[in-house]
Amino acid sequence: MCGIVGYIGKNEATPILMEGLEKLEYRGYDSAGVAVIVDDKIKIKKCKGRLKNLEKKLEKEKLPGNIGIGHTRWATHGEPSDTNSHPHFNKSGTLAVVHNGIIENYIYIKEWLESLGYEFQSDTDTEVIAHLLDYNYDGDLIEAVSKSIDKIEGSYALGVISEIEPDKLVAIRKDSPLIVGLGEGENFIASDIPAILNHTRKIYMLEDRELVILSKDGVEIKTLEGMPVEKEVYNITWDAESAEKGGYEHFMIKEIYEQPKAIRDTMNSRIMKDSDDIVIDDINLTAEDLKNINRVFIVACGTAYHAGMVGKYVIEKLARIPVEVDIASEFRYRNPLIDENTLLIIISQSGETADTLSALRLAKKKNCRVIAVTNVVGSSASREADDVLYTWAGPEIAVASTKAYTTQLISMYILALYFARLNGEMEVEEYRLIRDEMLELPDKVNKLLEDKEELQKFANNNFGHMDMFYIGRGLDGAVSLEGALKLKEISYIHAEAYAAGELKHGPIALIDEDIPVIALATQNELLDKMISNIKEVVTRGAKVISFTLEGNTDVGKVSDQVIYMPKTISILTPVLSVIPLQLLSYYVAVHRGCDVDKPKNLAKSVTVE
């Protein structure tokens with residue numbers, strides 16, 4: 001959530017800041033602002049709402065300086081307003097700060113500062129930082145930041161400028177992402193790579209509590225104790241155009257259509273035709289290590305959690321290891337039974353999800369081994385975990401996750417197969433069957449993407465409903481949860497997903513002719529039972545659209561509409577069945593006139609707990 005961009009260099013800062021903030025819109029925000037040093041004075045422009053509101057302000061009053069910081073805010077402390085927007089000043093207006101994260105002890109610090117005569121204009125925790133910096137400032141901005149950080153508890157990524165020292169930009173992070181971009185005669189900070197990719201491909205990934213001092217000619221990184229830090233330069237290899245819409249109306253539909261490539265890329269070099277080996281370069285788990293593991297936890301949030309539910313099923317089925325799936329925000333608060341014989345798998349697209357990182361850090365304290373499944377090289381999750389499995393999805397900009405989910409599913413299959421081969425639970429013949437079917441998935445997803453007329457028809461006929469039900473059994477139940485989440489996220493229709501066998505234990509009381517039902521029926525061993533569950537809702541007047549595999553004609557006989565998907569083995573159907581559910585949600589949201597890529601109240605990277 002929130003976005004930070006900072007610039008110091010030879011060019012005008014404002015256009016670069018605004019361009020960077022636009023690239024970070026996917027993170028979710030409700031206000032925006034910039035602070036630029038103009039003629040030796042800090043000038044701030046900020047306002048509630050979209051970036052276009054800020055652009056209008058900047059058209060009336062230009063800010064032609066060469067150093068500045070910008071921010072898109074997602075409200076946590078204080079309602080969205082011009083006053084609560086970032087950046088924030090100190091009392092004399094000589095320094096400005098932008099902040100992502102949450103300061104947990106801000107009330108204590110605020111009361112102390114008020115006792116010293118400081119007055120607060122906003123309701124934010126961030127303004128506390130601005131006044132604390134002012135209190136600690138004695139002509140040295142770096143020292144002021146260092147002293148202030150010692151008083152702060154919580155998470156933060158900070159960018160600070162001072163008109164008294166207009167030749168430097170100071171930044172620091174803890175539990176909130178921040179990168180440094182390296183240019184020629186200019187340097188940058190940002191919350192994420194797309195914000196600065198048009199200007200540089202060379203970046204530093206900051207670790208927690210590393211202090212960075214940027215000038216136009218160089219970048220210096222220190223510990224808070226003043227010791228120099230040597231950093232490896234990451235060279236970004238993906239093209240800036242891959243983060244653009246490329247002719248599609250929305251990022252979401254573009255990313256849906258990128259899934260065949262993303263799936264293929266995630267399998268590439270790991271699962272190979274005519275090879276019985278699974279190659280995972282960044283996982284160094286031996287057969288002896290796995291033998292000593294008596295339980296696996298999969299911990300994640302939102303869409304990643306749904307991928308974890310599929311992961312539980314396939315790891316238990318193939319590797320015969322007990323697996324628990326937990327929501328990251330709840331995991332550490334229930335004192336989980338974990339130790340050195342537990343394996344924790346965390347799933348996070350960004351690798352910066354605050355709740356998931358907290359679970360990772362708890363596990364490390366308990367001597368658990370941790371595998372991170374993430375899409376971002378150099379992210380906090382990838383650096384802090386013992387092992388990492390990258391999902392090669394490329395940049396995902398739309399808030400509603402699509403290709404991240406399918407590549408996370410593929411990662412779960414890869415891990416399940418890896419464990420099963422490592423502990424001897426899977427014969428080579430079974431492995432070859434699953435391997436060969438997995439390698440065909442990209443082509444089958446392509447076929448699904450070509451057949452969208454029935455989905456568009458459903459969306460056209462049902463976008464006015466305010467409630468929908470999703471039902472499925474076995475793996476279809478997990479996919480149903482993801483389908484319902486997508487519909488809720490982008491169309492604002494209330495959608496619920498249930499294991500179909502649970503309908504008669506309560507939810508069926510809600511079924512009538514005004515509630516469409518989306519039924520998944522892909523598990524052959526449960527097909528007869530699923531057909532009976534579809535009949536149950538049809539009897540109560542529901543209109544049903546069903547998703548099943550080619551050849552399952554009996555499902556079509558009890559449904560108003562049916563989508564037939566290419567045949568595959570039951571364990572792999574989640575990768576196929578989620579595709580039409582994504583498209584269905586997209587078409588419904590478009591019919592309703594919703595902002596598909598930036599749904600209200602949501603953010604792409606949730607970096608607060």
Side-chain angles (χ1 to χ4, degrees), residues 1 26-28 250-256 258-259 262-263 266 298-314 325-331 345-357 359 372-376 379 381 389-413 415 445 470 472 475-493 495-497 518 520 574-586 589 596-607:
M1 297 181 180
Y26 70 90
R27 296 174 70 89
H250 299 99
F251 280 113
M252 183 179 177
I253 192 66
K254 171 179 178 281
E255 289 160 8
I256 288 173
E258 288 173 342
Q259 286 177 110
I263 291 169
T266 300
I298 301 177
V299 178
C301 304
T303 285
Y305 172 73
H306 296 156
M309 295 179 71
V310 175
K312 168 185 167 65
Y313 184 99
V314 298
V325 188
D326 213 339
I327 298 168
S329 59
E330 300 295 325
F331 178 72
I345 301 172
I346 65 160
I347 310 174
S348 169
Q349 188 278 143
S350 66
E352 302 291 351
T353 309
D355 289 316
T356 307
L357 288 175
V373 176
T374 182
N375 192 43
V376 180
S379 61
L389 181 59
Y390 288 111
T391 58
W392 298 115
E396 189 180 63
I397 305 302
V399 168
S401 181
T402 53
K403 62 179 179 172
Y405 174 75
T406 47
T407 54
Q408 287 163 358
L409 291 183
I410 295 298
S411 299
M412 292 296 100
Y413 291 117
L415 286 175
V445 170
Y470 288 67
L475 280 171
D476 287 340
V479 180
S480 294
L481 287 166
E482 175 60 15
L485 177 62
K486 282 293 149 293
L487 192 71
K488 282 183 277 197
E489 281 181 317
I490 63 171
S491 75
Y492 317 136
I493 292 174
E496 293 292 341
I518 293 92
L520 271 66
V575 181
L576 300 182
S577 57
V578 76
I579 304 298
L581 297 186
Q582 294 169 348
L583 287 169
L584 183 147
S585 298
Y586 175 78
V596 174
D597 287 335
K598 296 187 284 290
K600 62 186 180 183
N601 301 332
L602 296 179
K604 183 66 179 175
S605 181
V606 185
T607 56

*Could you tell me whether the side chain of Glu489 and the main chain of Ala400 form a donor-acceptor pair under 3.5 Å?*
no

*Roughly how far, to the nearest 0.5 Å, is CD of Gln408 from OH of Tyr305?*
14.0 Å

*Working to the nearest 0.5 Å, report the span between CD of Glu255 and NZ of Lys403.*
5.0 Å

_To the nearest 0.5 Å, what is the distance between CD1 on Ile263 and CG on Leu576?_
8.0 Å

*asked:* Assess the residue pair Val373 and Leu415 against the criterion (side chain to side chain contact (heavy atoms under 4.5 Å, CB included)); give the C-alpha distance rounded to whole Å, side-chain angles, the decisive distance to 0.1 Å, and a yes or no.
replied: CA-CA 10 Å; Val373 176; Leu415 286 175; 4.1 Å; yes

_Could you go through Glu352 and Thr374, starting from their C-alpha distance and side-chain angles, then the distance that decides it, and tell me whether this counts as side chain to side chain contact (heavy atoms under 4.5 Å, CB included)?_
CA-CA 9 Å; Glu352 302 291 351; Thr374 182; over 6 Å; no

*Answer yes or no: is there a side-chain heavy-atom contact under 4.5 Å between Ile298 and Met412?*
yes

_Over all atoms of both residues, closest heavy-atom pair of Ala262 and Ala393_ = CB-CA, 4.0 Å

*Of all residues at least two apart in sequence or in a different chain, which pass the side-chain hydrogen bond (donor to acceptor under 3.5 Å, both in side chains) check with Ser577?*
none

_For Ala478 versus Val310, what's the shortest heavy-atom pair and its separation?_
CB-CG2, 4.0 Å

*Rounded to the nearest 0.5 Å, what's the gap from CG on Asp355 to CD on Glu330? Could you check?*
9.0 Å

_The criterion is ring pair (Phe, Tyr, Trp, His ring centres under 6.0 Å); which residues satisfy it with Tyr390, sequence neighbours excluded?_
Trp392

*Closest heavy-atom contact between Gly351 and Leu357?*
O-CD2, 3.7 Å

_For Thr356 versus Ala300, what's the shortest heavy-atom pair and its separation?_
OG1-CA, 4.2 Å

_Derivation of the side chain to side chain contact (heavy atoms under 4.5 Å, CB included) call for Val479 and Tyr470_ = CA-CA 9 Å; Val479 180; Tyr470 288 67; over 6 Å; no

*List in chain and number order the residues that pass side-chain hydrogen bond (donor to acceptor under 3.5 Å, both in side chains) with Ser480, two or more places apart in sequence or in another chain; answer none if no residue qualifies.*
none

*Asn375: what forms a side-chain hydrogen bond (donor to acceptor under 3.5 Å, both in side chains) with it, not counting sequence neighbours?*
Gln349, Thr391

_Side-chain donor-acceptor contact under 3.5 Å, Ser348 with Thr353_ = yes

*Who are the side-chain hydrogen bond (donor to acceptor under 3.5 Å, both in side chains) partners of Gln259, not counting sequence neighbours?*
Thr406, Gln582

*To the nearest 0.5 Å, tell me how far Thr402 OG1 sits from Leu581 CG.*
12.5 Å

*Listed partners of Tyr586 passing ring pair (Phe, Tyr, Trp, His ring centres under 6.0 Å), at least two apart*: His250

*Does some side-chain heavy atom of Ile490 sit less than 4.5 Å from a side-chain heavy atom of Asp597?*
no

*asked:* Can a donor-acceptor pair be found, under 3.5 Å and without considering hydrogens, that links the side chain of Thr407 to the backbone of Ala404?
replied: yes

*Heavy-atom closest pair, residues Ser350 and Ser379*: O-CB, 3.3 Å

*Quick one: pull up CD1 in Ile579 and CG in Leu584 and give me the separation to the nearest 0.5 Å.*
13.0 Å

*Over all heavy atoms of both residues, which pair between Leu485 and Gly302 is shortest? Give the atoms and the distance, please.*
CD2-C, 4.2 Å

